[in-house]
Every structure is written in structure tokens, then in C-alpha cells.
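All remarks here apply to the structure that follows.
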Amino acid sequence: MAVQLTDDELSAALAGDPSGFSAVYSTISPAVLGYFRARGVDDAEALTQDVFVDVLPKLVGVKGGHSGLRTFIFSVAHARLVDYRRRYARTPQLTEYDPLADERYSNSAEDEVLGSLGGMSSTLAMLNDEQREVLILRIVADLSVEQVAGIMNKTPGAIKQLQRRGLIALRELVKEKDHTPS
Amino acid sequence: MSVSPTGREEGDIQAILQDSGFEEDADLRRSLEDLRAFALDGPPEPRADLQALLAPGIASLDLRRRNRQRRMGIVVGAAVIGAMGLGAGAVAASGEDFRRSVSHAVVKILEPISQTPASNTDAPPPSPSDVAVPPAPSPAAVTPSASASKSARPAPASATPAPGNAAADHGGSQAKTPAVPLRPTTVPATPVPAPPGASSRPFAGLLPLLHTVPGPVPGKP
């Protein structure tokens, strides 16, 4: 997100030029990777690369400039995530030994100190699925309300409503979290 | 996770907070900045197929893969056909019964084909001299020639210098008639007015012998 795609790189990518492809990949793949990580995908890097292997040869037909390109890539990423969720729900769960689930476990001092840093995923996991998707697409993927509405196949008003409810729930969760340790 | 957002990102989060009426909530802003930090890692190292897309010179791997598959299909098909041919040849070479049954089957198949038309291709031409024989059936010439043929049988080589008029007597008309399974020895016994074509086919082998007849024929008139 820190690096923006220039117009020349965009036109090269839309013309099928590999130099444009690499610019698109280095610019947008961090956001796609963050989107999958925020949604709790196991192997977010592999899914990110799947998305770009799928998307890059199809960039020639993309319209709408920068926002159209971003919408297209995150549409594919969203569809991949839905597929991943379905596949994940059907596959049997392999359970490894989790030291955190062991009752003979005592809290780590480092975790208590650093707890606030890694807690975003667990906080997000407590949100409604659609609220979480809207917030992640709005903030991590850096998409507008209209773009998110197009990807989730909803109206912009519904997206604004989900965003507001998601922020309210997130604020409540953050307040609870702030009060619990102290 | 500390985030150092650019002005634009700061503006985005601010706009989102304003949309929902939480622009003053510092805790929520910090949470959203933490959320944004998910997208701040670098791009993942591309694996081989993605690297091929990003590298200049290779537009798509699918096209190459499809061409290679088509080529492989042609090669495999040619190899299968060649192996089947070799196998059939090996069986034919090793088994006498197989050869006989195949030739029998071929004869069975070709037999109805060869009998339906005039079937004038059944018997091979006995000698080159027969080819030049013009059709001029003469019943009178047949009788002595047949008797002479018995004596001339051990010397078929004499058929070559046969004069043209003798050959004209027996004729190519015989060669054109359908095959009748008569033994050559019955030829002299057949009555003179017998249709000239009736005994053509089995005598095809005797035609060179009949050409030795010229002696009596010129003397007859």
C-alpha cells in the first residue's frame, strides 16, 4: 500500500507486459497476503500466489484503471477465500499438540507483555463473518464502499451498515480487552 | 505493531471512522491501524509458476504445455501403430497356421469379388505370347491343336515362335470367357460347336502349348 502503481506500469500490465505484471505483483500482493492473513488462512502465501497466477494472464481485459484492477484482484481473492473455507469445512481436522490448550500451562510473561500486539486476529475472530469481511476489505485491501459492495454482491448501503456494526462490535471488544488484563 | 501510516492511509481510516461517527475514538483508531498492519509486509517470494509469469519472455505456460501435449499425442500414436505392426509381423513370421489362415481369409474375402464380374483376372497369363492373341475362334482348329498339345506339352518353350495365324485361331475370346472347371484333356472330346468361351479359363495354362499347333493348321486348307 505504501507503493502505488504508476500509470505506465498499469498500462504495461493491462497490455500483457511481464514488467507490468511484476509491478502489479509487488504493489498489490502485500495487501492480498494481509487480507488472507487477517481472515485466518493457514497458508496465506500459497493462496496469494494462486490468486496472482490466476489473475495476471487475465489482466488484458480489465477496465476501470487502478480501482478496476484492485477490484478485480480482490474479487478473485474473495472467491478463493470462499473456496478455501468450503474446502476447509469438508476436510477432517488434524489436531496437533497445542501447548496453549494444555491445562498444565501457565501464562508466559512475554505473551502477557506483548499480548496487545498479536491480539488483532483473535479480536477479529469474534466479529460476525460479514462485518469482518467488510472491515478487512475496507482497511487491509484499501477498497471503497462501492468496490466492497461489488465484491460482496451487496448494495453500498448494506456495506455501510455492516461497516458501522463491525466498528461498534470492535470497539466493544477493544474496551473489554483493555479492562480485562488490568 | 506500530504502524507508520502515510497521510493517505491516515485519511482513509479517518474517513471510515467518520462514516460511522467514531472519529474521536482513539482506541478504535489504534485497532484499525493494527488491522492495516496486516498489509504492510513485503510481497511473498514468487514460486516457480508465478515467477514464469513475471519473467519477461514467457507470456503463458499453458500455451507451451498444450503444444507439448499435442506433440506427445502424435508421437505416442505413431509408436502404438508401429508396435502393433511389428507385433503382427512377428506373429505372421513365427506361425505357419497364422499365415495360412490369413491367406485363406483373404481368399474367402476376394473370391466373391472376383466371381461377380467376368472374372477374367483369375488366371495369370501363361506366357507373353498369349497377350497378343486376337479373338478369332475357329472350331476346326481346336481339335487338332488339342491333340497336338499333348505331344507338345514337354516343350513349352516352342510356344514363343508361334506364328500369328495359329494364335489367331484360339483366341483371346477364350481368355475373356468365365472360368469353367474342365480338365484340359476334355478339350478334344468337346464337340466342335461348343461355345468358344466355355473352356477358356482352365486352358489358360495350356495356351502356350496350343501355340505349338501351327504345323497342322497351315496345312489344313
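We use all heavy atoms of the structure for the numbers below, so side chains are in, but hydrogens, waters and symmetry mates are not. Convention: sequence-line order gives letters A, B, ...; per-chain numbering from 1.
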Within a radius of less than 6.0 Å around CZ of B:F98, do more than 12 heavy atoms belonging to other residues, nucleotides or ligands occur?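 Correct, the count exceeds 12.
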Can you confirm whether A:N153 is buried at CG, in the sense that more than 12 heavy atoms of other residues, nucleotides or ligands lie under 6.0 Å from that atom?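 Not buried by this count: 12 neighbours or fewer within 6.0 Å.
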With a 4.5 angstrom heavy-atom cut-off, which part of [X] approaches chain B: side chain, backbone, both or neither?
{"X": "A:S22", "value": "both"}
{"X": "A:L124", "value": "side chain"}
{"X": "A:D50", "value": "both"}

Spacing of CZ belonging to A:R171 relative to CG belonging to B:L17, to within rounding of 0.5 Å: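 Those atoms lie 10.5 Å apart.
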Taking all non-hydrogen atoms of both residues, which atom of [X] and which atom of [Y] are closest, and how far apart?
{"X": "A:Q49", "Y": "B:R47", "value": "OE1-N, 2.7 Å"}
{"X": "A:F52", "Y": "B:L50", "value": "CB-CD1, 3.9 Å"}
{"X": "A:L135", "Y": "B:L35", "value": "O-CD2, 4.1 Å"}
{"X": "A:A31", "Y": "B:A39", "value": "CA-CB, 3.9 Å"}
{"X": "B:P44", "Y": "A:S29", "value": "CD-OG, 3.8 Å"}
{"X": "B:G42", "Y": "A:L33", "value": "O-CD2, 4.0 Å"}

Between [X] and [Y], is there a donor-acceptor pair closer than 3.5 Å when you use the side chain of the first and the backbone of the second?
{"X": "B:R36", "Y": "A:I139", "result": "yes"}
{"X": "A:E45", "Y": "B:P46", "result": "no"}
{"X": "A:Y25", "Y": "B:Q51", "result": "no"}
{"X": "A:Q163", "Y": "B:S20", "result": "no"}

Picking from A:L170, A:T123, A:I136, A:V24, which has the most non-hydrogen pairs under 4.5 angstrom with chain B?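 Maximum pair count with chain B is reached by A:L170.
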Can A:L56 and B:L54 be said to form a side-chain contact (heavy atoms from CB on, under 4.5 Å), step by step? CA-CA 9 Å; A:L56 290 179; B:L54 299 177; 3.6 Å; yes
Going through the distances and angles, do B:D41 and A:R37 end up as a side-chain contact (heavy atoms from CB on, under 4.5 Å)? CA-CA 11 Å; B:D41 284 347; A:R37 277 188 181 153; 2.4 Å; yes
Given B:D19 and A:R164, is the side-chain contact (heavy atoms from CB on, under 4.5 Å) satisfied, shown in steps? CA-CA 8 Å; B:D19 276 352; A:R164 180 178 163 74; over 6 Å; no
Do B:L53 and A:P57 touch side chain to side chain, with heavy atoms closer than 4.5 Å?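 SC-SC contact between B:L53 and A:P57 confirmed.
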Presence of salt bridge, A:K175 and B:D25, under 4.0 angstrom: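 No, this pair does not count.
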Below 4.5 Å from any heavy atom of chain A, which atoms of B:L28 appear? Answer side chain, backbone, both or neither.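 Only the side chain of B:L28 comes within 4.5 Å of chain A.
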Trace of the side-chain contact (heavy atoms from CB on, under 4.5 Å) decision for B:R30 with A:V174: CA-CA 10 Å; B:R30 206 178 321 116; A:V174 169; 5.9 Å; no
